[in-house]
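Working notes, structure below.
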Amino acid sequence: MLTEFDISGRTVIVTGAARGIGRGIVEVLAEAGANVMVTALTDRYLKPLQERMASRGLPIEILVADATDGADWQRTIDTALDDWGHIDVLINNLGDAIEGYLVPPPGSDDKTPLTEEEWRSVVDINLTEAFLGCQAIADHFVSRRAGKVINISGYAARKGNPGFLAYSTAKAGVVHLTQTLAQEWAQYGVTVNCIGPGSFPDPELATAEEMNQRQALAKKNVPLGRVGDPREVGLLTAYLISDAANYITGETIYIDGGATFKPA
């Protein structure tokens with residue numbers, strides 16, 4: 001193996017990662033030898049993930065924490081430092097979407113406009129959590145003059161999705177947070193990059209019928225003709241946190257089967 005791709009022993013925090021894309025990231029990084037701490041708002045999916053990984057001989061740390069809360073972020077960083085002594089990588093993966101228009105179009109089944117409360121919730125879950133994570137780890141990375149941040153954005157950041165106003169806006173904000181912070185932290189040897197996944201349904205949470213529907217939709221709308229496997233995001237993440245990617249910062253890499261470039 002090329003030593004530049006070796007991430008064994010790297011200490012990594014991954015938020016909102018007990019299922020879906022986050023779980024794919026955690027599995028790949030643990031398999032590659034990284035020390036991984038996974039956070040989520042509840043232990044509903046955390047404990048089963050920890051048990052499944054342990055059964056494979058791949059122990060991970062878990063922590064129930066709210067990534068939209070600054071105090072919980074400080075507790076997360078402190079816990080990781082107590083366990084490991086230092087942190088190499090922060091992966092801001094938390095995200096969720098609420099469907100809603102600012103003004104519902106004529107004929108829409110949804111007659112209720114997006115509320116201010118819904119807007120703030122979606123922005124906090126998708127954008128504020130990344131800001132708070134970076135804020136919490138800033139002193140550690142800057143003092144060490146080393147560290148890597150990976151923010152998880154999405155396809156919607158590049159092509160606004162009608163009906164998902166708050167989500168699309170927040171994910172675009174993640175891209176610009178990444179670009180700006182990469183410039184601010186470059187002088188300290190810290191890199192900040194972003195991954196924009198396309199369609200990555202979780203086969204453990206979706207029914208067989210739902211998976212078939214997503215596959216059929218992808219066959220029409222995705223040039224590569226399929227949905228993504230969450231492990232594929234994990235593999236890209238492993239590259240970005242390795243030394244092989246040390247000269248990459250401020251970038252957003254879309255992993256969507258070419259969907260963002262497909263002609264309308």
Side-chain angles (χ1 to χ4, degrees), residues 1-40 46 49-50 52-63 67 76-77 79-95 130 133-134 136-138 140-153 174 178 181-182 185-186 188-197 200 228-255:
M1 178 179 179
L2 293 171
T3 58
E4 291 89 347
F5 289 93
D6 183 9
I7 63 168
S8 58
R10 298 285 167 95
T11 55
V12 185
I13 297 172
V14 193
T15 65
R19 54 192 178 130
I21 287 173
R23 189 182 67 237
I25 292 172
V26 169
E27 289 178 348
V28 169
L29 298 190
E31 289 169 13
N35 300 311
V36 184
M37 174 179 286
V38 188
T39 76
L46 276 178
L49 175 61
Q50 185 182 44
R52 184 164 61 249
M53 296 298 287
S55 71
R56 299 174 55 198
L58 299 169
I60 61 171
E61 302 295 325
I62 61 172
L63 182 68
T76 299
I77 299 301
T79 301
L81 290 176
D82 287 343
D83 288 350
W84 300 326
H86 74 280
I87 302 164
D88 295 311
V89 182
L90 172 63
I91 301 175
N92 292 309
N93 171 73
L94 183 65
C134 292
I137 207 166
H140 181 65
F141 277 0
V142 169
S143 65
R144 291 186 68 222
R145 303 190 73 83
K148 295 197 174 196
V149 176
I150 306 295
N151 295 317
I152 306 300
S153 179
V174 172
T178 298
L181 198 56
W185 283 4
Y188 305 113
V190 178
T191 65
V192 187
N193 288 294
C194 186
I195 295 174
F200 283 84
D229 182 331
R231 286 183 58 85
E232 292 175 304
V233 182
L235 293 167
L236 176 56
T237 303
Y239 164 66
L240 287 174
I241 70 174
S242 75
D243 288 344
N246 282 350
Y247 200 52
I248 300 174
T249 195
E251 295 295 336
T252 297
I253 300 176
Y254 290 92
I255 177 169

Indicate whether any N or O donor in one side chain lies under 3.5 Å from an N or O acceptor in the other, for Thr11 and Asp88.
yes
Quick one: does Ile25's side chain get under 4.5 Å of Ile152's, heavy atoms only?
yes
Is there a donor-acceptor pair closer than 3.5 Å between any side-chain N or O of Thr15 and the backbone N or O of Asn93?
yes
Side-chain touch Ile60/Leu29, heavy atoms, less than 4.5 angstrom
no
Which pair of non-hydrogen atoms, one from Thr252 and one from Gly196, has the smallest distance, and what is that distance?
CG2-N, 4.3 Å
List the steps, then state whether side chain to side chain contact (heavy atoms under 4.5 Å, CB included) holds for Ile13 with Ile77.
CA-CA 9 Å; Ile13 297 172; Ile77 299 301; 3.9 Å; yes
Which of Leu90, Ile91, Ile87, Ile7 passes side chain to side chain contact (heavy atoms under 4.5 Å, CB included) with Val12? It is Ile91
Which heavy atom in Gly20 sits nearest to a heavy atom in Pro230, and how many Å separate them?
O-CB, 3.6 Å
Could you report the tightest heavy-atom contact between Val38 and Ala17, atom names first, then the distance?
CG1-CB, 3.6 Å
Measuring from Tyr239:OH to Ile150:CD1, what's the distance to the nearest 0.5 Å?
10.5 Å
Does any part of the side chain of Thr191, heavy atoms only, come nearer than 4.5 Å to the side chain of Ile248, both counted from C-beta?
no
Rounded to the nearest 0.5 Å, how far does CZ of Arg23 lie from CE of Met53?
10.0 Å
Reported CD-to-CZ distance for the pair Glu31 and Arg231, which is rounded to 0.5 angstrom
4.0 Å
Over all atoms of both residues, closest heavy-atom pair of Ala30 and Val36
N-CG2, 4.1 Å
Using side-chain heavy atoms (C-beta onward) and a distance below 4.5 Å, is Asn193 in contact with Ile253?
no
What distance do Leu240 atom CG and Leu235 atom CG have between them, rounded to the nearest 0.5 Å?
11.5 Å
Search all heavy atoms of Val174 against all heavy atoms of Cys194 and return the closest pair with its distance.
CG1-SG, 4.1 Å
Rounding to 0.5 Å, atoms CG (Leu63) and OG1 (Thr79) come to a distance of 5.0 Å
Would you check if there is a donor-acceptor pair between the side chains of Asn246 and Lys148 at a distance under 3.5 Å?
yes
Once rounded to the nearest 0.5 Å, what's the spacing between atom CD1 of Ile21 and atom CD of Glu232?
10.5 Å
Can Leu49 and Ile62 be said to form a side chain to side chain contact (heavy atoms under 4.5 Å, CB included), step by step?
CA-CA 9 Å; Leu49 175 61; Ile62 61 172; over 6 Å; no
Shortest non-hydrogen contact from Phe200 to Asp229?
CE2-O, 3.2 Å
In the structure I gave you, are the side-chain heavy atoms of Thr249 and Trp185 within less than 4.5 Å of one another anywhere?
no
